[in-house]
Engineer: 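This is the structure I want to talk about, given as structure tokens.
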Amino acid sequence: MAAPEEKFDAQTAALLSKAHPFERKEFGYVQRSAWRHADRLDEEVVELDSPYTARFGAGSRVFTFLILGDQNAGKSTFLHAFTQHGDIHFLELSSLLPILASNFVNTRFLWEDDTRAPIDEPPFLDTDLGRATLVLSAEDFAFFVQEHDLSPSLILDSPPGTIYYVIQFLELGGDHLDQLMDATLIRNPQIQAIVAQSRHLLTSCDKLCLTRSDAAASARLPQLARTLCQQYNLS
Ligand SMILES: Nc1nc2c(ncn2[C@@H]2O[C@H](COP(=O)(O)OP(=O)(O)OP(=O)(O)O)[C@@H](O)[C@H]2O)c(=O)[nH]1
Ligand SMILES: [Mg+2]
């Protein structure tokens with residue numbers, strides 16, 4: 001685990017010491033975890049490493065879900081669950097959804113001179129951009145669709161030669177969400193580049209999902225959701 005940085009006050013340093021492992025980057029703080037099915041390591045799985053990858057290799061069909069919600073509603077906890085292989089319930093989850101490989105990235109964008117705390121409740125950093133990516137084989141995904149009575153079009157409308165299905169959950173929050181809604185808020189060119197990448201990710205979204213921890217605190221959420229839906233043609 002990274003050592004708490006000296007620039008933070010004692011309270012923030014204490015929170016960071018309880019955080020899921022994180023790295024300090026030029027653009028901020030990143031938490032990552034990954035999982036890969038041990039019995040199927042020989043299967044060639046699409047590359048999941050980059051937090052920004054919007055395209056996957058030929059033969060992959062991608063479904064993208066945007067997760068929005070109140071602060072500390074548990075969004076990152078949900079995203080992280082797909083890689084949390086040490087948890088006693090992970091086997092239950094992976095039996096339900098037969099994942100070949102999964103990846104979790106949680107990012108808080110804070111430049112060197114920014115002394116704001118990157119966390120307010122451990123173990124996850126306050127999210128600007130978070131992402132969970134799950135890969136399933138075409139055969140396992142078809143079984144999942146059939147077992148759960150989902151629309152056969154999920155399979156039938158896939159391009160010929162689809163061998164993987166990739167499910168992505170994107171979590172957008174904090175300043176990053178505000179910057180996506182209003183480009184005039186962006187001053188730093190590096191943030192502009194990151195926001196542009198997130199815009200690109202948003203254009204590939206299939207569905208918007210809202211999580212709420214507290215109805216009173218959610219007043220801003222419907223408006224945010226409406227604006228994002230209009231801007232990015234989400235449903
Ligand atoms: N009681 C309870 N606590 C939860 C649950 N899910 C998450 N938490 C806790 O709630 C806190 C915030 O969780 P996060 O997953 O970081 O929430 P978030 O929505 O990603 O927060 P932001 O990125 O800051 O908006 C952490 O302390 C979690 O351990 C849950 O289902 N029940
Ligand atoms: Mg989060």
Side-chain angles (χ1 to χ4, degrees), residues 1-2 4-5 8-9 11-25 27-35 51-52 64-90 92-93 96-97 102-111 114-134 167-182 185 191 194-195 197-198 201-202 205 207-225 227-228:
M1 189 175 299
E5 298 193 10
F8 296 122
D9 59 28
Q11 192 190 354
T12 305
L15 292 174
L16 283 172
S17 71
K18 292 186 206 149
H20 181 81
F22 61 90
E23 285 175 79
R24 180 73 174 102
K25 302 270 191 192
F27 57 79
Y29 295 80
V30 182
Q31 294 175 312
R32 291 174 182 274
S33 57
W35 178 79
Y52 305 120
T64 304
F65 300 86
L66 172 62
I67 312 281
L68 285 187
D70 298 328
Q71 205 177 4
N72 295 328
K75 303 177 293 294
S76 299
T77 306
F78 170 70
L79 265 58
H80 179 251
F82 298 100
T83 57
Q84 200 178 5
H85 52 91
D87 188 90
I88 51 166
H89 298 295
F90 188 75
E92 210 178 316
L93 174 66
L96 186 77
L97 191 64
S102 51
N103 191 25
F104 165 76
V105 184
N106 189 36
T107 319
R108 173 80 167 122
F109 299 120
L110 285 180
W111 264 259
D114 199 330
T115 53
R116 284 176 299 164
I119 190 165
D120 72 349
E121 270 202 45
F124 299 111
L125 302 166
D126 298 339
T127 307
D128 278 314
L129 173 60
R131 189 170 180 198
T133 314
L134 332 176
I167 301 173
Q168 292 195 89
F169 295 105
L170 295 181
E171 175 188 351
L172 294 168
D175 301 334
H176 199 57
L177 185 54
D178 291 323
Q179 287 156 350
L180 276 162
M181 310 269 290
D182 181 359
L185 296 173
I191 301 185
I194 290 173
V195 170
Q197 276 162 323
S198 293
L201 278 176
L202 273 173
C205 271
K207 207 92 192 155
L208 173 73
C209 315
L210 296 181
T211 64
R212 293 179 189 202
S213 58
D214 164 8
S218 299
R220 192 166 159 256
L221 213 52
Q223 179 57 37
L224 272 177
T227 313
L228 272 176

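Counting starts at 1 for both ligands and their atoms, following the listed order.
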Engineer: Apply the test side-chain contact (heavy atoms from CB on, under 4.5 Å) to residues Glu23 and Arg32: give CA-CA distance (whole Å), side-chain angles for both, the deciding distance (0.1 Å), then the verdict.
Structural biologist: CA-CA 9 Å; Glu23 285 175 79; Arg32 291 174 182 274; 4.0 Å; yes

Engineer: What are the atom names and distances for all N or O pairs under 3.5 Å between ligand 1 and the protein?
Structural biologist:
from, atom 1, to, atom 2, distance (Å)
ligand 1, 15 (O), Ser76, N, 3.3
ligand 1, 15 (O), Thr77, N, 2.8
ligand 1, 15 (O), Thr77, OG1, 2.5
ligand 1, 17 (O), Gly74, N, 3.1
ligand 1, 19 (O), Ala73, N, 3.0
ligand 1, 19 (O), Gly74, N, 3.0
ligand 1, 19 (O), Lys75, N, 3.0
ligand 1, 19 (O), Lys75, NZ, 2.7
ligand 1, 20 (O), Ser76, N, 2.9
ligand 1, 20 (O), Ser76, OG, 2.9
ligand 1, 20 (O), Glu171, OE2, 3.0
ligand 1, 21 (O), Asn72, N, 3.0
ligand 1, 23 (O), Thr127, N, 3.0
ligand 1, 23 (O), Thr127, OG1, 3.0
ligand 1, 23 (O), Glu171, OE2, 3.0
ligand 1, 25 (O), Asn72, N, 3.4
ligand 1, 25 (O), Lys75, NZ, 2.9
ligand 1, 27 (O), Glu121, OE1, 3.0
ligand 1, 27 (O), Pro122, O, 3.0

Engineer: Can you say whether the rings of Phe8 and Tyr29 are parallel (under 30°), tilted (30 to 60°) or perpendicular (over 60°)?
Structural biologist: tilted

Engineer: What residues form a salt bridge (charged side-chain N to carboxylate O under 4.0 Å, His left out) with Asp114, not counting sequence neighbours?
Structural biologist: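 With sequence neighbours excluded, Asp114 shows a salt bridge (charged side-chain N to carboxylate O under 4.0 Å, His left out) to Arg116, given in chain and number order.
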
Engineer: For Thr127 and Asn106, does a side-chain donor sit closer than 3.5 Å to a side-chain acceptor?
Structural biologist: yes

Engineer: Measure from the side-chain N and O atoms of Asp126 to the backbone N and O of Asp120, and report whether any donor-acceptor pair falls under 3.5 Å.
Structural biologist: yes

Engineer: For His176, what residues pass the ring pair (Phe, Tyr, Trp, His ring centres under 6.0 Å) criterion, not counting sequence neighbours?
Structural biologist: Phe109

Engineer: List the steps, then state whether side-chain contact (heavy atoms from CB on, under 4.5 Å) holds for Leu110 with Thr115.
Structural biologist: CA-CA 8 Å; Leu110 285 180; Thr115 53; over 6 Å; no

Engineer: Would you call the rings of Phe124 and His20 parallel, tilted or perpendicular if under 30° counts as parallel and over 60° as perpendicular?
Structural biologist: tilted

Engineer: Hey, which protein N/O/S atoms does the Mg ion (ligand 2) have under 2.8 Å?
Structural biologist: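 Within the sphere that stays under 2.8 Å of the Mg ion (ligand 2), the protein atoms of type N, O or S are Ser76 OG, Thr127 OG1, Glu171 OE2.
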
Engineer: Could you tell me if the side chain of Arg108 sits less than 4.5 Å from the side chain of Asp175, heavy atoms only?
Structural biologist: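 Yes, side chains in contact.
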
